[in-house]
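Taking it in order: structure first as structure tokens, then the write-up.
Read the numbers this way: they start at 1 and go in the same order the structure lists the ligands and their atoms. Counting from 1, the numbers follow the sequence of the chain as shown.
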Amino acid sequence: MNAPLVRMTVDGRPVEAPRGMNLLHALRDAGFAVPSLCWHRKLTPTGACRLCLVKVAGRRGILASCALVAEEGLTVTAFDGELEASRRETLDMLLAEHRPGHDASVHDELLHLAARYGLADPAARRIAPLPEALEPPVDASSPVLEYDPGRCIKCLRCVKACAEVQGKGVLSMQGRGTGSFILAGLAPGGWGASECDGCGECVQLCPTGAIAEKLHRGELRAGAPDARVRTTCPYCGVGCQVELAVKGGRIVRASGVERPPNDGRLCVKGRFGYDFVASPERLTRPLLRDGDRFRPIGWDEALDLAANGFRRIRDAHGPDALAGYASAKCTNEENYLFQKLVRRSFGTNNVDYCTRLCHASTVAAMIRAIGDGAASGPVEDYERADFLLVTGNNMAETHPVTATFAKRGIAAGARLVVIDPKFTPLARRASLWLRPRLATDVALLNGMIRHAIRSGLVDRAFVEARVEGGMAAVEALAAAVEPYTPQRVKEITGCEGADVARATEWYAAAARPILATGMGMSQQTVGTDNCFALLDLCLILGKIGKEGAGVCPPRGQNNVQGATDVGGTPAFYPGYIPTADADNRARVAALWGVPPESLSGRPGLTTVEIMNAAHDRRVRGLYVMGENPMLSDPNLGHAAEALRSLDLLVVQDIFLTETARLAHLVLPARAFAEKEGTAVSSDRRVLRVRSAVPAPGEARDDWRILLEVARRMEAPIGDYETPAEIFDEIARAAPIFGGIDYGRLERGEDLAWPCPTPAHPGTPTLYLDRFNTQSGKAKLHPVAWKPQAEPACDRFPFTLNTGRILYQYHTATMSRKSALSAFANEPYCLMHPDDAARLALPDRARVRISSRRGAIETTLRVSAEVAPGELFMPFHFAESPVNALTRDELDPISKIAPFKCTAVRVEAV
Ligand SMILES: Nc1nc2c(c(=O)[nH]1)N[C@H]1C(S)=C(S)[C@@H](COP(=O)(O)OP(=O)(O)OC[C@H]3O[C@@H](n4cnc5c(=O)[nH]c(N)nc54)[C@H](O)[C@@H]3O)O[C@H]1N2
Ligand SMILES: Nc1nc2c(c(=O)[nH]1)N[C@H]1C(S)=C(S)[C@@H](COP(=O)(O)OP(=O)(O)OC[C@H]3O[C@@H](n4cnc5c(=O)[nH]c(N)nc54)[C@H](O)[C@@H]3O)O[C@H]1N2
Ligand code: SF4
Ligand code: SF4
Ligand SMILES: [Mo]
């Protein structure tokens, strides 16, 4: 892909650059500080500011270098008296339109250039400032940013940032000449009324601060930040790198870092969702239950109570009467120590966390079919792909930066097929939106497989070389999918045969196809079957095991990938080493310096199983680090009973969550911006988490709390001074991390596991030579579609789908304590207009929604985003806890609950 180098001469010096590179870019890279205000590496050139002028031998006049490209033999003049005079003149004109009074809160490239060209002092300028009256008013209607036309130089960087980088196209330039300005949306009402979703890309790329964050403007104006700290976004699994600006011990700004995986981009959560860190509601002291209330206690007492309590339960009822929920919000180091504590100090494998409610089905199917449960390629593949199949995933809202890659790929010609029963913003860009009924994906995918086989689309060479059983296995699959005729698929799913065929043919024809599968596929009682069927399709078409093609399920939480990688689930030690194997136990025991028999070989319980065991009093002590099951677990009534039956519930969190309110003991932890560590992104990149601000009150690092609890249980899990030391032990325990240490990460190496040795560059793409199965080959798993155990019926005629919205995050402990709530802060339920009309329910009606397990009240929103007979509710809002309704029946393999499929009834209240 690398273009050959060409040789040029610039101001008499030889310069090399890739052929075709933007000439201004090439000049800058070669160290020529050619000024420009409108050009940016990430945008198509605009040629608006007329500052990057150069002369080229043999060409007439003065040319904008951003409009030229590097060519062999070019002789360029970048600096001479005439060019500099012209630049000075242009700057003088720009300054005349620019309101004076820079407030230090933004990096103002115009003022920098003014200083460089001796124009900082207005007295040095030749052109008088324009009267301010000509300028349109400031637009402060967005909850998070404001636009000041008086500082705007009409460079169009924001317009292009929004359109080209984020793929949104909210902004345009309106008016003419000095009266021109940037308009958000088309209707009046400005930014606040437009489709702007607050990602802040325009803020980040604006060269003058004409568009700036509203948050903490006062602190930002008061002078430069005290510190800038690079870290990893605490919300979703994309792993965006952010720079936090800190002032007076508080985060006052978050900016995207131009490094992988996000290359400077953020979504609204990463950019504006950080104020929860400084919330006055943060836990600051350990709390002990005292009747219906809590009273603060000292750490010493709290740690003794936790340790002695767990020890008593272990000694009286056996190790398996204890369990722990690890945390996808915590670092690798913390999760490593958490599972070490559960396995070593508790003596059980009862450790699990929200991954069980999340991609458990995807992971279970991928491990069985191809060997690893993680994304096969880097997020950048979404942009390079020529075909995207996005199923059961609302990427534009849930992994918005991944979606920017996808949108850029689509803009460059990639085809997109979306499979989702509900409208998602990405469906708008789809070449084809397949809209199956909820929980019918196996039928749909089997229909696609059947079409592929019958149309001769199978990649026989790939199958023979890389799939167990070769074409014989495909024959067996063919027999299994034979019943899924277009008619039958239509009956079950509602999808047309022609569409099913078209999607299959596009996928088969693609050279670089990427599959994205999400919660709609995973969170079903048939979640593993769903993913098996998807992988079967991928494998028979030969669309994995090569650069740029594969399966890249966007992982959910900021460290959901890492928490499993370091051993946070029952069946695997760090690095996916099965706990059931005695040799593995012996090896891990040796590393931990404990007798092998002290590690349990008994299978551990999974998340919902732990809840059920607590209900039956088989589990009596539970340690919850950074999870809020009292909103996020299915069948909340049952979960509440389970948690109330525990002899000891210890919750370690940053807020007094719904779960913490049921605890006997609450331990205050530090938040992401207060601690050091690492996390693993959705695409297996190991990323640093860094401390930027002091922790509130007596809150402590999760890992330090764990060390103390274990020590006081007289089953210590080690002495570490720093997270780097813990990571070194992780690298010894888990070969996938064997070559990684903090030194390499600090040097800025971009490392994706597996990275087995210090010299290894990491593995962005998996399976290029072999699959990570015992045979080295992939395995097909034919599956049949099964109807739901709880279908819609006369009593519960609707099927309820649940999920996420862009502006809130899970149980909203963090997002609701930030600027994000200004965008969306109310629970609701979507219902199709036909259903609403039939039930005579108007938009915004208050309704009661009931299932066999419970009832909640919420506000109805009438919307064709859902299909008739289906409903959708976000699960973020404690006042309408949708999981009071959902089922806790489990997928037999992955043990996930069907969050996306509950039979319910709707009534007006
Ligand atoms: N803003 C925001 N972002 C987040 C999160 C958040 O809470 N808020 N959470 C993070 C986490 S942990 C996760 S796991 C990810 C999840 O990200 P997603 O996978 O996008 O999760 P959801 O929004 O729950 O559901 C995705 C889609 O599945 C569809 N769906 C429902 N049932 C079916 C079905 O039967 N078949 C198919 N094909 N589709 C179906 C839904 O309509 C929905 O559009 O998001 C992460 N990012
Ligand atoms: N109906 C329905 N239910 C669902 C889903 C759905 O789609 N529909 N999705 C499921 C999925 S995919 C997921 S991942 C789960 C998520 O379920 P949970 O993981 O329970 O949800 P969160 O709100 O992310 O909980 C994380 C907790 O960690 C705390 N925390 C944050 N940072 C730290 C820290 O540094 N240290 C400590 N100790 N605590 C910290 C937060 O305050 C919060 O209480 O929800 C599941 N539940
Ligand atoms: S914040 Fe994002 S969506 Fe809004 S105008 Fe700026 S770039 Fe566009
Ligand atoms: S895409 Fe995910 S990681 Fe990136 S800024 Fe948004 S929430 Fe954070
Ligand atoms: Mo998740």
Between Arg450 and Thr504, is any side-chain donor less than 3.5 angstrom from a side-chain acceptor? no
Within the structure provided, determine whether Gln524 and Cys901 are in side-chain contact (heavy-atom separation under 4.5 Å). yes
Note the single closest protein heavy atom to atom 25 (O) of ligand 1, along with its residue, its atom name and the distance in Å. Lys900 CE, 3.4 Å
Test of understanding: given a 4.0 Å heavy-atom threshold, classify the contact between Gln808 and ligand 1 as side chain, backbone, both, or neither. backbone
Under 3.5 Å, which donor-acceptor pairs link side chains of residues 264-273 to any protein atom two or more places apart or in another chain?
from   : atom 1 : to     : atom 2 : distance (Å)
Arg265 : NH1    : Thr404 : OG1    : 2.8
Lys269 : NZ     : Leu806 : O      : 3.3
Arg271 : NE     : Cys199 : O      : 2.6
Arg271 : NE     : Gly200 : O      : 3.4
Arg271 : NH1    : Gln204 : OE1    : 2.8
Arg271 : NH2    : Gln204 : OE1    : 2.9

When Leu515 is tested against each of Asn393, Val390, Leu534, Leu388 for side-chain contact (heavy atoms from CB on, under 4.5 Å), which residue passes? Leu534
Say whether Thr440 and Thr493, considering side chains only, have a donor N or O and an acceptor N or O under 3.5 Å apart. no
Mark up the atoms of ligand 1 that fall under 4.0 Å of a heavy atom belonging to Cys358, in ascending order. 14 (S)
Heavy-atom distance under 4.5 Å between the side chains of Leu445 and Asp536, does that happen here? no
Identify the protein heavy atom lying closest to atom 38 (N) of ligand 1, giving its residue, its atom name and the separation to 0.1 Å. Asp441 OD2, 2.9 Å
Consider every N or O of Leu806 and every N or O of ligand 1, then say whether any pair is closer than 3.5 Å. yes
Can you see which heavy atom on Glu870 is nearest to which on Arg437, and at what distance? OE2-CA, 3.4 Å
Can you tell which of His810, Met814, Arg804 gets a heavy atom nearest to atom 23 (O) of ligand 1? Arg804
Taking distance alone, with no angle check, do Thr424 and ligand 1 share an N/O pair under 3.5 Å? no
Interfacing atoms of ligand 1 (cut-off 4.0 Å, heavy-atom, Gly518): 19 (O)
With a 4.0 Å cut-off on heavy atoms, does Gln524 reach ligand 1? yes
Looking only at heavy atoms, which two atoms of Pro634 and Thr886 are closest? And how far apart? CA-OG1, 3.4 Å
More than 12 foreign heavy atoms under 6.0 Å from CD of Glu258: is that the case here? yes
When distances are taken from atom 30 (N) of ligand 1, the protein heavy atom at minimum range is Gly520 CA, 3.3 Å
Taking distance alone, with no angle check, do Lys269 and ligand 1 share an N/O pair under 3.5 Å? yes
Do any N/O atoms on Met519 end up under 3.5 angstrom from N/O atoms on ligand 1? yes
Give yes if a backbone or side-chain nitrogen or oxygen of Gln557 is under 3.5 Å from a nitrogen or oxygen of ligand 1, and no if not. no
Has Ile805 got any heavy atom lying under 4.0 angstrom from an atom of ligand 1? yes
Looking only at protein heavy atoms, identify the closest one to atom 20 (O) of ligand 1 and say how far it is in Å. Asn394 N, 2.7 Å
Determine the interplanar angle of the Trp433 and Phe423 rings, folded into 0 to 90°, and report it as parallel if under 30°, tilted if 30 to 60°, perpendicular if over 60°. perpendicular
If you measure from CZ on Phe823 to SG on Cys196, what distance do you get to the nearest 0.5 Å? 6.0 Å
Tell me the protein heavy atom at minimum distance from atom 26 (C) of ligand 1, and give that distance in Å. Gly392 O, 3.2 Å
Test side-chain contact (heavy atoms from CB on, under 4.5 Å) on Phe899 and Asn883; report intermediate values, then the result. CA-CA 8 Å; Phe899 287 117; Asn883 281 327; 3.4 Å; yes
Quick check: do Phe655 and Thr811 have side-chain heavy atoms less than 4.5 Å from each other? no
Taking only heavy atoms of Leu438, which atoms of ligand 1 are found under 4.0 Å from at least one of them? 31 (C), 32 (N), 33 (C), 35 (O)
From atom 13 (C) of ligand 1, work out which of Gly273, Gly556, Ser682, Pro553 has a heavy atom at the shortest distance. Gly556
Are there any protein N/O/S atoms under 2.8 Å from atom 8 (Fe) of ligand 4, and if so, which? Cys233 SG
Using distance alone, determine whether Ala439 and ligand 1 share an N or O pair under 3.5 Å. yes
Would you kindly specify which portion of Asn393 sits under 4.0 Å from ligand 1, judged on non-hydrogen atoms: side chain, backbone, both or neither? both
I'd like to check His216 versus Asp275 (side-chain heavy atoms, cut-off strictly below 4.5 Å). Are they in contact? yes
Heavy atoms only: which of Ala516, Pro874, Pro421 is nearest to atom 37 (C) of ligand 1? Pro421
Is NZ or CZ of Arg408 both nearer than 6.0 Å to the six-membered ring centre of Phe405 and within 45° of the ring axis? no
If you measure from atom 15 (C) of ligand 1 to every heavy atom of His399, Glu397, Glu865, Arg435, which option wins on shortest distance? His399
Report the relative orientation of the aromatic rings in Tyr235 and Tyr809; use parallel for angles under 30°, tilted for 30 to 60°, perpendicular for over 60°. perpendicular
Is it the case that the side chains of Thr659 and Asn628 hold a donor-acceptor pair, with the cut-off being a distance below 3.5 Å and no angle test? yes
CG (Asp441) and CH2 (Trp785) are apart, to the nearest 0.5 Å, by 11.0 Å
So is His876 in contact with ligand 1, going by heavy-atom distances below 4.0 Å? yes
Closest to atom 47 (N) of ligand 1 among Ile419, Asn530, Thr398, Asn801 (heavy-atom distance): Thr398
So between Leu357, Asp420, Thr391, whose heavy atom ends up nearest atom 44 (O) of ligand 1? Asp420
Going by the atom numbers of ligand 1, which of them fall below 4.0 Å from some non-hydrogen atom of Cys236? 47 (N)
